[in-house]
Amino acid sequence: MCGASSHTAFAAPCQFESQGDGRVAAIVDARGVRLDDGREVRLAGIEPTATTKQALTSLLTGRDVTLRGTGDTPDRYGRQGALIFVGESEAPIQAVLLAQGAALVSAEIADKDCAAALMAAETEARRQKKGNWADPSAIKNAESPDDILAGIGRFMVVEGKVLSVRQAGAMTYLNFGRNWTRGFAVTISKRTQPAFENAGITLKSLENRRIRVRGWVEGNTGPRIDVRLAGQVELLGANEPTGVRP
């Protein structure tokens, strides 16, 4: 028994400070649940897909849960952001959703070990083409900007080769197309650059590299994703199979 608890203490990621317990009374939407004491909880660390709410309903309705996180300050809608644990599980429900292909990593979790665990769950689901990843268009091709632009206002995952890196004022542009106005691009502000430097990445070194980027699609002529967290960008190895094709 002692060995098991020691293993939990040292090996399980995402074991942040407890923010309290409760029973899930209702699934509010694909991002939130309501506890029996009236608290609304927003699932931290993920973005929903078409099947997230259905998966949450089967996984959490009526279950006793523990909330964990780095802070319990409510968001502007009064929801408490947290990782949700069911019973004695060492993995948060977010990791379960990701492993089923029923959610996407949002990259908002700053703790490296926890972020890596969530990304590993998503990566395995993607490798096995589970849930959301069964659709070959789940990852957009950076060379097809119109497909990305069609998802304006949505959270998307895009893969491609960075053709050029240029700086304009306080903004760095990672350009994936030769036509800067029409092609897909990633924007990174000067205040975000230290996060990349801390991760050992210089933005200029991304030129001619294949990367996977996630975030909210915006733009009028060409699609853009504004990167505010280093975790939104993954470097892809030259031999790594692309996620663009089935």
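All of these numbers come straight from a predicted model, not from anything done at the bench. Values below: every heavy atom of this structure, side chains too, minus hydrogens, waters and symmetry copies.
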Asker: Whether the side chain of Gln232 engages the backbone of Leu229 through a donor-acceptor N/O pair (distance < 3.5 Å, no angle test) should be reported.
Answerer: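 The answer is yes, because a donor-acceptor pair under 3.5 Å joins these two groups.
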Asker: Do any pairs count as a salt bridge (charged side-chain N to carboxylate O under 4.0 Å, His left out) and have a residue in residues 18-29, sequence neighbours left out, and if so which ones?
Answerer: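 Non-adjacent pairs meeting salt bridge (charged side-chain N to carboxylate O under 4.0 Å, His left out): Arg23-Asp64.
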Asker: Given the rule in the side chain to side chain contact (heavy atoms under 4.5 Å, CB included) test, do Val65 and Leu35 qualify, once you have shown the distances and angles that lead to the verdict?
Answerer: CA-CA 9 Å; Val65 297; Leu35 303 184; 4.1 Å; yes
Asker: Return the set of residues passing ring-ring contact (aromatic ring centres under 6.0 Å, His included) with Trp216 (not counting sequence neighbours), or none when no residue passes.
Answerer: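 Phe155.
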Asker: Transitively linked via ILVMFWY side-chain contacts under 4.5 Å: Val158 with Leu203?
Answerer: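 Val158 clusters together with Leu203.
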Asker: Rounded to the nearest 0.5 Å, what separates atom CG in Leu235 from atom CD1 in Ile201?
Answerer: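 Answer rounded to 0.5 Å: 4.5 Å.
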Asker: Thr187 and Thr172: side chain to side chain contact (heavy atoms under 4.5 Å, CB included), yes or no, with the steps?
Answerer: CA-CA 6 Å; Thr187 56; Thr172 298; over 6 Å; no
Asker: Name the residue from Leu97, Thr123, Val105 that meets the side chain to side chain contact (heavy atoms under 4.5 Å, CB included) definition with Leu118.
Answerer: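 Going through the options one by one, the only one that passes is Val105.
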Asker: For Thr202, check side chain to side chain donor-acceptor pair (under 3.5 Å) against everything at least two apart and list the hits.
Answerer: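 Only Ser205 meet the side chain to side chain donor-acceptor pair (under 3.5 Å) criterion with Thr202.
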Asker: For side chain to side chain contact (heavy atoms under 4.5 Å, CB included), just list the numbers for Leu43 and Leu56, CA-CA rounded to whole Å, side-chain angles, deciding distance to a tenth of an Å, and then say yes or no.
Answerer: CA-CA 10 Å; Leu43 276 75; Leu56 274 180; 3.7 Å; yes
Asker: Between Ser89 (side chain) and Ala91 (backbone), is there a donor-acceptor pair under 3.5 Å?
Answerer: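 Flag set: sc Ser89 to bb Ala91 pair under 3.5 Å.
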Asker: I'd like to check Ile188 versus Val227 (side-chain heavy atoms, cut-off strictly below 4.5 Å). Are they in contact?
Answerer: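 A side-chain contact exists here, since the closest heavy-atom pair is under 4.5 Å.
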Asker: Tell me which pairs pass salt bridge (charged side-chain N to carboxylate O under 4.0 Å, His left out) where either residue lies in residues 113-125, with sequence neighbours left out.
Answerer: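 Residue pairs with at least one partner in residues 113-125: Glu122-Arg126, Glu122-Arg214, Glu124-Arg127.
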Asker: Counting heavy atoms not belonging to Glu218, are there more than 12 under 6.0 Å from its CD?
Answerer: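 Enclosed: over 12 neighbouring heavy atoms sit under 6.0 Å from CD of Glu218.
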Asker: With disulfide bond (SG atoms under 2.5 Å apart) as the rule and sequence neighbours excluded, what pairs involving residues 100-149 come up?
Answerer: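 Sorted pair list: Cys14-Cys114.
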Asker: Could you tell me whether Arg182 atom CZ has more than 12 heavy atoms of other residues or ligands within 6.0 Å of it?
Answerer: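 Open: at most 12 neighbouring heavy atoms sit under 6.0 Å from CZ of Arg182.
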Asker: Which heavy atom in Ala230 sits nearest to a heavy atom in Ala195, and how many Å separate them?
Answerer: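 Looks like CB-O, 3.9 Å.
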Asker: Pairs in or reaching into residues 127-179: which pass disulfide bond (SG atoms under 2.5 Å apart), with residues at least two apart or in two chains?
Answerer: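 The answer is none; no pair qualifies.
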Asker: Residues two or more places apart in sequence or in another chain: which of them pass salt bridge (charged side-chain N to carboxylate O under 4.0 Å, His left out) with Arg63?
Answerer: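 Not a single residue meets the salt bridge (charged side-chain N to carboxylate O under 4.0 Å, His left out) criterion with Arg63.
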Asker: Going by salt bridge (charged side-chain N to carboxylate O under 4.0 Å, His left out), name the pairs with one or both residues in residues 199-208, residues two or more places apart or in two chains.
Answerer: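 Those involving residues 199-208 are Lys204-Glu207.
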Asker: Tell me whether Thr49 contacts the main-chain N or O of Ala102 through its side chain, where contact means a donor paired with an acceptor under 3.5 Å.
Answerer: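 Pair found, side chain donor or acceptor close to backbone of Ala102.
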Asker: Which atom pair, heavy atoms only, marks the closest approach of Ile148 to Ala142?
Answerer: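 It is CD1-CA, 4.0 Å.
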Asker: So Arg224 and Asp226, salt bridge (Lys or Arg N to Asp or Glu O under 4.0 Å) or not? Walk me through it.
Answerer: CA-CA 6 Å; Arg224 303 282 184 268; Asp226 185 35; over 6 Å; no
Asker: Residues two or more places apart in sequence or in another chain: which of them pass ring-ring contact (aromatic ring centres under 6.0 Å, His included) with Phe176?
Answerer: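 By the ring-ring contact (aromatic ring centres under 6.0 Å, His included) rule, Phe176 matches Phe184.
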Asker: Are Met119 and Ile225 connected in the hydrophobic side-chain network, where two residues link if heavy atoms are under 4.5 Å apart?
Answerer: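 Not linked; separate clusters.
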Asker: Looking at Phe16, is Arg68 sitting on its ring face, NZ or CZ under 6.0 Å from the six-membered ring centre and within 45 degrees of the normal?
Answerer: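 So Arg68 doesn't make the cation-pi contact.
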Asker: Please check if any side-chain donor atom of Asp146 sits under 3.5 Å from a side-chain acceptor atom of Ser144, or the reverse.
Answerer: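 Judged by distance alone, the side chains do not pair up.
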Asker: Measure the shortest side-chain to side-chain distance between Glu40 and Tyr77 over non-hydrogen atoms and say whether it is less than 4.5 angstrom.
Answerer: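 A side-chain contact under 4.5 Å is absent here.
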Asker: Report whether Val28 and Leu59 are members of the same hydrophobic cluster (ILVMFWY, side-chain heavy atoms less than 4.5 Å apart, transitive linking).
Answerer: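 No, separate clusters.
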Asker: Which side chain to side chain donor-acceptor pair (under 3.5 Å) pairs, counting each pair once, include a residue from residues 96-111, with sequence neighbours left out?
Answerer: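 Counting only pairs at least two positions apart or across chains, the side chain to side chain donor-acceptor pair (under 3.5 Å) contacts touching residues 96-111 are Arg42-Glu108, Ser106-Glu108.
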Asker: Step by step, would you call Asp147 with Asn141 a side chain to side chain contact (heavy atoms under 4.5 Å, CB included)?
Answerer: CA-CA 8 Å; Asp147 288 348; Asn141 187 341; over 6 Å; no
Asker: Taking the side chain from Thr61 and the backbone from Ser58, do they hold a donor-acceptor pair closer than 3.5 Å?
Answerer: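 No; zero donor-acceptor contacts below 3.5 Å.
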Asker: What pairs of residues pass the disulfide bond (SG atoms under 2.5 Å apart) test when at least one of them lies in residues 42-113, not counting sequence neighbours?
Answerer: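 Residue pairs passing disulfide bond (SG atoms under 2.5 Å apart), neighbours aside: none found.
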Asker: According to ring pair (Phe, Tyr, Trp, His ring centres under 6.0 Å), does anything in residues 100-153 pair up with another residue at least two apart or in another chain? List the pairs.
Answerer: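 Those involving residues 100-153 do not exist here.
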Asker: Could you state whether Met156 and Leu174 fall into the same hydrophobic cluster, counting links through intermediate Ile, Leu, Val, Met, Phe, Trp or Tyr residues with side-chain heavy atoms under 4.5 angstrom apart?
Answerer: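 Met156 clusters together with Leu174.
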